Participant: 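I am attaching a structure below and will ask some questions about it afterwards.
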Amino acid sequence: MAENSKSAEATVLNTKILKKLKGAFQAFDTKSDNTVDIKEIGTIFYSLGFFPTQADLQKFTSEVEDERSGYIHWDRFLPAMTKVLLEDKFPPIADELLLQAFEVLDIEKRGYLKPEELTNYMTKEGEPFTQEEMDEMLTAFTDEEKKHIYYKDVIPHLTLERKM
Amino acid sequence: GSYSINAIRAALLIQRWYRQYVARLEIRRRCTWNIFQSIEYAGQQDQIKLYNFFGFLMDHFTPASSERNLISHIFRENEICRDAEWERYFCYKSIDVPDSYTGPHLTFPMTFCGVSKLVEAFKHKQQLHARYVLQILGETWRLLRILPNISHLSSCHTKEITICGDLHGQLEDLLLIFYKNGLPSPEKPYVFNGDFVDRGKNSLEILLILFGFLLLYPNDVHLNRGNHEDHIVNLRYGFTKEVLGKYRVHGKKILKLLQKIFSWLPLATVIDHKVLIVHGGISDTTDLNVIARVDRHKVRKTFHFQFIYVSALRPPKMTKLAVNGSNSQTMNSRNGDAGVPVDFRRRVRSLTHHSSTPSQGPPRRSLHNLHISHQQMNWSVDDELKKRRRLAGFDQSYGERKKPDSDSDPDSEGRLIPSVQMVDLLWSDPMPQNGCIPNEVRGGGCYWGPDVTEEVLGRHNLQLLIRSHECKQDGYEFCHNRRVLTIFSASNYYEVGSNRGAYIRMGADLVPHFVQYQASRTCRELTLRQSVGWTERSALQALRRQLFVHKSDLISAFREFDPNNTGIISPSHWASATESVLKLGLPWRVLRPQLVSSTKNGMVDYQEWIRELSITEPKLEISDTSLLETMYKNHSNLETIFRIIDTDHSGLISYEEFRQTWKLLSSHLKTEISDDVIANLAQSIDFNKDGSIDINEFMEAFRLVDLSAHS
């Protein structure tokens, strides 16, 4: 029964998507033995255009990890990802919402956020950033002269990457 | 905390977007990495073909007398003089240092002051006078000759041993290591694991510093030879050029002395009989007792040995080849005497024995046989290479691991020879699969698997193999169940931001500790996005160059998907065709948006794209585009050939030698290049009216310019 539904899912998956999954998986298969490090699963998801939460990722990883080895094998990755795709579990977020999100945080509606403000939000709320992530984001998006984050300028970069 | 639900939701959304953005950059970075690696290895394939061609000519060809002189000119074995005569030749004493010289003055024997002066001087971009260069090199040569092939070190509780990997002429990295770790001393012993030269622009400075410390502390500084400590490799990868550029009068002498020094560099270092350090790696036949006894200085041109390697494959075809022309060999069995393939032995004789000259070589062959057998050999070699490449897992296709070929026995036989074992130490790479197969990507050494690691380490009672030879993003990497450790010390090797460098500190517990770094101030200030962008741009530029040189093949491949000749194909057809021509194993679909600037309705206009790809600078007007393509495709081959022919390293070759070079190359490429075209070409280059051509100027004349960038 579980077997049947698995094979049914596999056949439903068309070759285009299969190639995409394969490509993303192979990019991280550094040992060339059809496994990837579980730490890379988040990156793989995002690169395919999915938006899982950290909790989602943890759940997914625990279901497919190879006996706590720290690695996931393609044979378990593929059916699990297929399910994700078919059930549309982690749908993409519309671009417009991103702008609205920044505007919510910009209480005074100045058109920018100060680094301290953004840091407060990113490291204390939601799924908090690590210090490294925060430093990286600030370095990437802070305007050099004014030292502010002009989010309207930042958004095209965040979304442009996706259209690749 | 005190934020509204909306704010929390907003933060969550932004976090997710950002993480997704970083993930996409990571994918791109990995692609870029793969691009550089495949191009680097693809370039090495050319060198293999070139050397196969020259070696084959040496053995089989009975050329017209002028060409024959050229070939023997190239392969002239001129190290027949004895050491005493060489000492006289290299003597620095006749070289005066003028009062105008502002660089450092050295005295011998080497002192700590002297070496520090040297380091400081190079930090300030000064150049050491040729007299002192020859003096240091002479002393180094004398010291190296008494060192064994394998150095044995003992660790101790009061001091740690520092182990560095490839430096490749990147002086900033060596200085950074000294800054972070301290200078070499009896309290701070160092092992430098080869590849000090080529690619970077301060190879000579690095050598002089390392040799300076070696002379100062011969028991505490250990240098292992790398595959780039090799005269032929240096011709292609930049070290020869660097020396000749910096020392116009004495460059030749310096290079000659360096040739000897390289051949005398030790091969391996062992710590506490437990940790083995070699530059490349091992093979299934590695035997340290054999290595310890080999005459290492006699294997001067390690790169030639890949020819032996290659010809040891597929003995039956080789046998047929020899039978066609040979009168004196009897080919009853697959092997000749001593169970070794006959052709293999003949190769060994002609390339390693100093006394051989073409006239003493194999008997004459008719031109007809020559032509056929040349093609036969090329086919069998290419075919074998492709197959081995697949076996090594370079094929992107998914699925079962392939088992090693049962035909691998001849390879093992070949690898038992001590000098070939030496080549294995300098050229091999680890692979994930079990087994041991020839390393056809590099053209020397082999790929060895985890089972070989266990067997060789076990046999010698060792616990760890430390090697270099391959660039790693984090500067170091374990493999084979942490029994093999790669250490690479040239940061930003491919481009700014491409990788970190690292070195190892090891105490008496023999546990490696790593220190990583990345030279270049600008690199640290780059944002993640920018550093990926820079690396990516130069990778893409390199890739566009590759696409350009394969223009004609690409168009043919595209036409196969376009039977109605519309000039347009789908992106996935574009990707398949491009991969079938370039065979780099790259994710073309992902790369397409950056390589193809315009698509019509999601389709690729390939004619337009090919036109956009490239053009040379206007100053070199050559109407024959296929000649141009041929020249560009063989750019680095051409340079290597030029430098080989320019044996007096003067930087000039005569018009006649230029013409002969072209003839040779065109027979290699199996294309026709007429004398008229060559004459026109020569005239279009600015050369001295006395009929000699400046190699550098000729090479500079070729640069790739993107047409679309101008519009």
Side-chain angles (χ1 to χ4, degrees), chain A residues 16 19-20 22-28 30-34 40 42-54 74 90 92-93 95 97-98 100-105 107 118 120-122 124-129 133 136-141 151 155 157-164, chain B residues 1-31 33-34 392-394 396-401 431-433 450 472-473 477 479-480 524-531 572 575 585 587-594:
Chain A
K16 199 167 156 188
K19 275 194 182 142
K20 218 174 159 192
K22 230 160 72 160
F25 190 88
Q26 273 179 307
F28 293 96
T30 48
K31 295 188 293 173
S32 305
D33 62 353
N34 296 344
E40 308 280 22
T43 311
I44 296 180
F45 264 100
Y46 293 128
S47 72
L48 292 167
F50 298 124
F51 283 81
T53 63
Q54 302 288 55
W74 169 258
F90 313 122
I93 304 170
D95 302 3
L97 286 181
L98 188 57
Q100 285 178 30
F102 274 110
E103 284 173 346
V104 163
L105 300 184
I107 303 173
L118 188 59
N120 253 334
Y121 285 121
M122 295 292 106
K124 298 207 169 73
E125 298 301 326
E127 290 171 339
F129 275 178
E133 281 177 306
E136 238 174 46
M137 188 190 209
L138 288 177
T139 321
F141 295 144
Y151 47 84
I155 286 173
H157 291 295
L158 287 174
T159 53
L160 188 62
E161 296 294 332
R162 186 164 168 245
K163 277 166 185 127
M164 228 185 79
Chain B
S2 54
Y3 297 116
S4 68
I5 305 274
N6 273 343
I8 296 175
R9 275 210 205 108
L12 198 52
L13 204 138
I14 294 171
Q15 284 156 347
R16 281 202 229 164
W17 264 105
Y18 180 76
R19 284 181 169 130
Q20 191 240 34
Y21 158 77
V22 168
R24 291 200 162 258
L25 281 182
E26 179 63 27
I27 293 266
R28 276 170 62 186
R29 192 171 66 84
R30 280 167 191 269
C31 282
W33 183 254
N34 290 339
F394 278 81
Q396 282 294 87
S397 67
Y398 231 73
E400 357 64 72
R401 207 168 299 168
M431 64 175 177
Q433 305 90 338
K472 296 295 175 191
Q473 280 176 335
E477 192 175 274
C479 67
H480 294 187
R524 280 195 287 281
E525 285 162 9
L526 282 179
T527 66
L528 178 66
R529 186 179 67 229
Q530 280 173 322
S531 74
S572 52
W588 296 104
R589 262 164 281 261
V590 175
L591 293 170
R592 189 192 51 76
Q594 284 151 304

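Model, not experiment: these values are computed from the prediction. These values consider heavy atoms only, across backbone and side chains, with no hydrogens, waters or symmetry-generated copies.
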Participant: Mind telling me whether B:Tyr18 and A:Phe141 have parallel, tilted or perpendicular rings, with 30° and 60° as the class edges?
Facilitator: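 A:Phe141 and B:Tyr18: perpendicular rings.
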Participant: If you round to the nearest 0.5 Å, how far is CZ of B:Arg16 from OH of A:Tyr46?
Facilitator: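 Result: 7.5 Å between the selected atoms.
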Participant: Picking from A:Leu105, A:Thr53, A:Leu98, A:Leu97, which has the most non-hydrogen pairs under 4.5 angstrom with chain B?
Facilitator: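 Result: the option with the highest number of such pairs is A:Leu98.
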Participant: Atom CZ of B:Arg19 and atom CD of A:Gln54: how far apart are they, to the nearest 0.5 Å?
Facilitator: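 So the gap between those two atoms works out to 4.5 Å.
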Participant: Which heavy-atom pair separates B:Ala10 from A:Ala101 by the least distance, and what is that distance?
Facilitator: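 The answer is CB-O, 3.4 Å.
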Participant: Okay, side chain of B:Gln15, backbone of A:Met122: is any donor-acceptor separation there less than 3.5 Å?
Facilitator: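 Yes, the answer is positive, given that a donor and an acceptor are paired below the 3.5 Å cut-off.
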Participant: Where do B:Ile8 and A:Glu125 come nearest, in terms of heavy atoms and distance?
Facilitator: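 Reported closest heavy-atom pair: CG1-OE1, 3.4 Å.
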Participant: What part of A:Phe102 gets closer than 4.5 Å to chain B, counting heavy atoms only: side chain, backbone, both or neither?
Facilitator: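 Both backbone and side chain.
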Participant: Between B:Asn6 and A:Gln100, is there a side-chain heavy-atom distance shorter than 4.5 Å?
Facilitator: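 A side-chain contact is absent here, since even the closest heavy-atom pair is not under 4.5 Å.
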Participant: What's the shortest heavy-atom distance between B:Ala11 and A:Tyr121, and which atoms?
Facilitator: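 For B:Ala11 and A:Tyr121, the tightest heavy-atom pair comes out as CB-O, 4.1 Å.
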